[in-house]
Protein chains: 2
Amino acid sequence: MAQPTMDDVATKAGVSRALVSLVMNRSPRVSDHSREKVLAVANEIGYRPNMAARNLASGQTQTIGLMLNDLHNPYFTLMAEGAAAAAEEAEMRVLISSGWKQDSGESQAIELLLGLRTDAVLLGSPRLPELLLEQCAAQTPTVVVGVWATSPAFDTINNDEDHGAELIVDHLMGLGHSRIAHIEGNRVAGGLERRDSFSKSMMNRGLAPILVEGDFDEISGYEGAKTVMALKEPPTAIFAGNDLSASGVLAYLDEAGLSAPGDVSVVGYDDTVLAGVGAVSLTTVFQPCKQIGGTAIQALLERIDGRTEARHEVLEPRLIVRSSTGPAPS
Amino acid sequence: MAQPTMDDVATKAGVSRALVSLVMNRSPRVSDHSREKVLAVANEIGYRPNMAARNLASGQTQTIGLMLNDLHNPYFTLMAEGAAAAAEEAEMRVLISSGWKQDSGESQAIELLLGLRTDAVLLGSPRLPELLLEQCAAQTPTVVVGVWATSPAFDTINNDEDHGAELIVDHLMGLGHSRIAHIEGNRVAGGLERRDSFSKSMMNRGLAPILVEGDFDEISGYEGAKTVMALKEPPTAIFAGNDLSASGVLAYLDEAGLSAPGDVSVVGYDDTVLAGVGAVSLTTVFQPCKQIGGTAIQALLERIDGRTEARHEVLEPRLIVRSSTGPAPS
DNA sequence: TTCCGCAATGTAAACGTTTACATTGCTACT
DNA sequence: AGTAGCAATGTAAACGTTTACATTGCGGAA
């Protein structure tokens with residue numbers, strides 16, 4: 001599988017290697033005649049520039065690395081799609097790796113990207129401690145999504161969790177609910193803020209929050225629902241950490257012969273495609289996933305261009321009321 | 001952001017560059033004393049090997065590229081997870097790119113991977129014609145999942161579509177259905193086989209297949225259901241191209257005031273997490289997504305090790321009956 | 001003491017590009 | 001005719017590794 005190199009093209013086309021390089025990089029300095037000749041030969045022998053060599057020589061990759069917490073979560077894949085589209089516009093490509101929700105996997109995933117020397121990295125809800133994120137930022141332009149931090153070393157984009165939690169609590173209280181449970185997201189990648197915001201909102205309104213562990217996925221939604229519904233005084237509403245988790249809650253309720261919103265109201269978070277689809281459509285909090293991805297790429301491009309002051313963006317949440325919430329049963 | 005190089009480490013540790021290289025590659029030929037010294041320095045100055053240089057010099061990347069048709073489809077992300085796990089065992093990393101369901105995007109995605117000179121590539125339901133897949137295979141070891149082909153240039157892994165369609169048709173006929181519609185997957189990435197198998201199965205049993213276009217996603221499931229339910233004689237059962245599409249079907253039915261399986265039975269394909277979750281759990285055909293990913297990586301590793309004969313694997317489908325199918329209404 | 005063998009380390013030539021700079025021929029002006 | 005200027009192309013030195021091979025130094029056998 002020895003692949004053709006620039007030299008092969010140059011020789012066969014009877015020109016110098018430098019000229020081939022210019023052609024491949026669309027330089028305007030080369031004559032139409034040469035350009036055509038070179039392209040023809042390149043095409044004929046199936047030449048494809050070696051990115052490693054290109055990167056080594058130029059110090060650039062035209063590539064942005066994405067580390068995503070959980071590829072099974074539409075929130076992240078939508079973010080990736082938005083990022084890919086934005087990158088495309090800047091003639092950049094996006095390379096994805098994931099830690100599959102494990103600390104060690106995530107380290108490796110980031111390590112891989114840093115080793116590749118992508119021009120920048122976008123970290124989607126990293127689980128790693130802020131210190132490590134700063135180390136990453138020291139190596140390459142970095143934007144972190146989904147983790148609250150005020151580090152001057154990297155940019156962040158976050159949802160206003162406090163406000164989101166308030167919207168949900170107010171909505172549910174308005175429907176007459178007072179025993180409201182929250183199935184937490186994880187305790188490492190920004191789930192903590194959502195949980196704390198919920199607690200605070202509840203407390204402020206004189207209600208006791210019911211909390212149960214989770215990990216932002218279906219299975220923990222299912223388990224969490226099972227746990228809280230087994231309480232002596234089960235909640236009349238469940239606020240799941242995200243839509244994925246809410247799906248799990250609905251699955252459990254269905255299995256247990258309970259209905260939403262008849263018996264229990266359910267709220268998700270993110271407004272991913274999961275929320276709209278399915279027999280019971282989810283009341284949830286909208287997050288502009290794709291747009292977040294695009295904004296993150298913009299921020300990275302600016303950093304590549306030399307910006308150094310950190311920017312910490314906070315997005316306003318918006319409650320989307322669908323059919324999974326209703327009046328509290330009397 | 002000038003990053004430290006091997007030379008920096010070598011100088012600071014008072015050794016040669018080659019020795020640092022040996023240490024970084026865990027060679028047993030270096031003394032404990034030197035190893036420790038080098039590692040200490042590397043760690044101190046935050047040295048990280050440059051993959052581009054490493055790749056250029058060694059001709060290896062220890063990396064396998066994954067091109068995935070649609071990151072929003074759990075089928076692919078599960079496959080990726082399985083692949084990542086298998087790669088991990090072989091001390092390899094996995095790099096993902098997607099064409100986001102567009103031909104041009106897919107070309108770019110594959111081009112990116114080939115340019116990077118990953119040691120091999122795994123193509124998840126590529127939309128591109130077989131000719132292009134062969135070109136890819138000519139450059140690097142290639143395994144294609146989800147596309148029927150008998151090319152001697154690459155390996156394939158596929159579901160036995162004929163059998164899968166038969167299982168579904170028999171199941172539905174057994175429940176008394178005769179007007180059965182199929183919402184097609186796409187017409188480029190292997191959706192054709194599923195559609196043809198369905199048609200054939202129906203015909204063989206003396207039934208006329210009802211077909212409607214689709215693209216393996218929620219929206220086309222929704223639209224497809226809308227289309228067929230508007231027929232003079234609407235079907236009593238819908239076989240969606242995959243689970244994603246089936247979700248869309250369920251969403252439409254719900255919106256139209258119809259219920260599954262009371263009014264219409266619905267069948268999916270893939271048995272992704274979508275099938276089990278949700279108020280109406282899906283009858284579907286099981287595919288061992290993760291395992292497919294793992295098998296694909298195995299095949300690639302063998303090819304990297306020198307195997308050249310192509311292997312075309314066919315997996316046996318298994319029908320999973322859940323609550324979205326029931327007797328045909330009388 | 002001499003010399004062999006071996007472990008540990010160093011030397012230097014790749015790997016396939018980019019890119020600053022040098023060279024070559026023209027055109028067109030004086 | 002001589003030459004300035006410019007477009008087109010060539011030359012060669014990086015870029016940061018790996019790796020075959022050379023060198024060093026040391027312990028022990030002769």
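All chains are named by letter (A, B, ...) in the order of the sequence lines, taking the proteins before the strands, and each is independently numbered beginning at 1.
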(message) What's the closest nucleotide to the side chain of L56(A) if the choices are dT11(D), dC15(D), dC21(C)?
(response)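 The answer is dC15(D), which lies nearest to the side chain.
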(message) Nearest to the R29(B) side chain among dT18(C), dC21(D), dT19(D), which nucleotide is it?
(response)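 Selected nucleotide (nearest to the side chain): dC21(D).
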Whole-Å distance separating the [atom1] atom of [X] from the [atom2] atom of [N]:
X       : N       : atom1 : atom2 : result
M24(A)  : dT17(C) : CE    : P     : 9 Å
I45(B)  : dG16(D) : CD1   : C1'   : 13 Å
R35(A)  : dT9(D)  : CZ    : C1'   : 13 Å
R48(B)  : dG16(D) : CZ    : C1'   : 15 Å
R117(A) : dT17(D) : CZ    : C1'   : 11 Å
M51(A)  : dT17(C) : CE    : C1'   : 12 Å
L22(A)  : dT17(C) : CG    : C1'   : 12 Å
K37(B)  : dA8(C)  : NZ    : C1'   : 11 Å

(request) Take M6(B) and L19(A), find for each the nucleotide of DNA chain D with the closest heavy atom, and name the residue whose nucleotide sits nearer the 5' end. (result)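 Final value for this comparison: L19(A).
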(request) Just call it for N55(B): base, sugar-phosphate, or nothing, with non-hydrogen atoms closer than 4.0 Å on any strand. (result)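 Since no nucleic acid heavy atom lies under 4.0 Å of N55(B), the category is nothing.
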(request) For Q291(B), look at atom CD and say whether over 12 heavy atoms of other residues, nucleotides or ligands are found less than 6.0 Å away. (result)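 No - once you tally the heavy atoms of other residues, nucleotides and ligands closer than 6.0 Å, there are 12 at most.
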(message) Does K37(B) have more than 12 heavy atoms from other residues, nucleotides or ligands lying within 6.0 Å of its NZ?
(response) yes
Ignoring backbone atoms, establish whether [X] has a side-chain N or O less than 4.0 Å from OP1 or OP2 of [N].
X      : N       : value
S21(A) : dT18(C) : yes
S31(B) : dT9(C)  : yes
S16(B) : dG10(C) : yes
R54(A) : dT18(C) : yes
N25(A) : dT18(C) : yes
S34(B) : dT9(C)  : yes

(request) Establish, from distance only, whether the side-chain atoms of E91(A) and Q62(A) form a donor-acceptor pair under 3.5 Å. (result) no
(message) I need the residues from residues 7-15 of chain A with at least one non-hydrogen atom less than 4.0 Å from DNA chain C; give them sorted by number, or say none.
(response)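 When residues 7-15 of chain A is checked for heavy atoms under 4.0 Å from DNA chain C, there are no hits whatsoever.
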(request) Using heavy atoms to find the nearest nucleotide of DNA chain C for R17(B) and S58(A) separately, return the residue whose nucleotide is more 5′. (result)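 On the 5' side of the pair lies R17(B).
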(request) Using the six-membered ring wherever Trp is involved, compare the ring planes of H72(B) and W100(B) and label them parallel, tilted or perpendicular (cut-offs 30° and 60°). (result) tilted
(request) Please determine if K12(A) and E44(A) form a salt bridge, counting it only when a charged side-chain N lies under 4.0 Å from a carboxylate O. (result)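 Salt bridge between K12(A) and E44(A), a charged N being under 4.0 Å from a carboxylate O: yes.
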(request) Using a strict cut-off of less than 4.0 Å between a Lys/Arg side-chain nitrogen and an Asp/Glu carboxylate oxygen, indicate whether R311(B) and E302(B) qualify as a salt bridge. (result) yes
(message) Any non-hydrogen side-chain atom of L300(A) less than 4.5 Å from a side-chain atom of I64(A)?
(response) yes
(request) Any chance you could measure L68(A), atom CG, to M79(A), atom CE, to the nearest 0.5 Å? (result)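 Output value for this atom pair is 5.5 Å.
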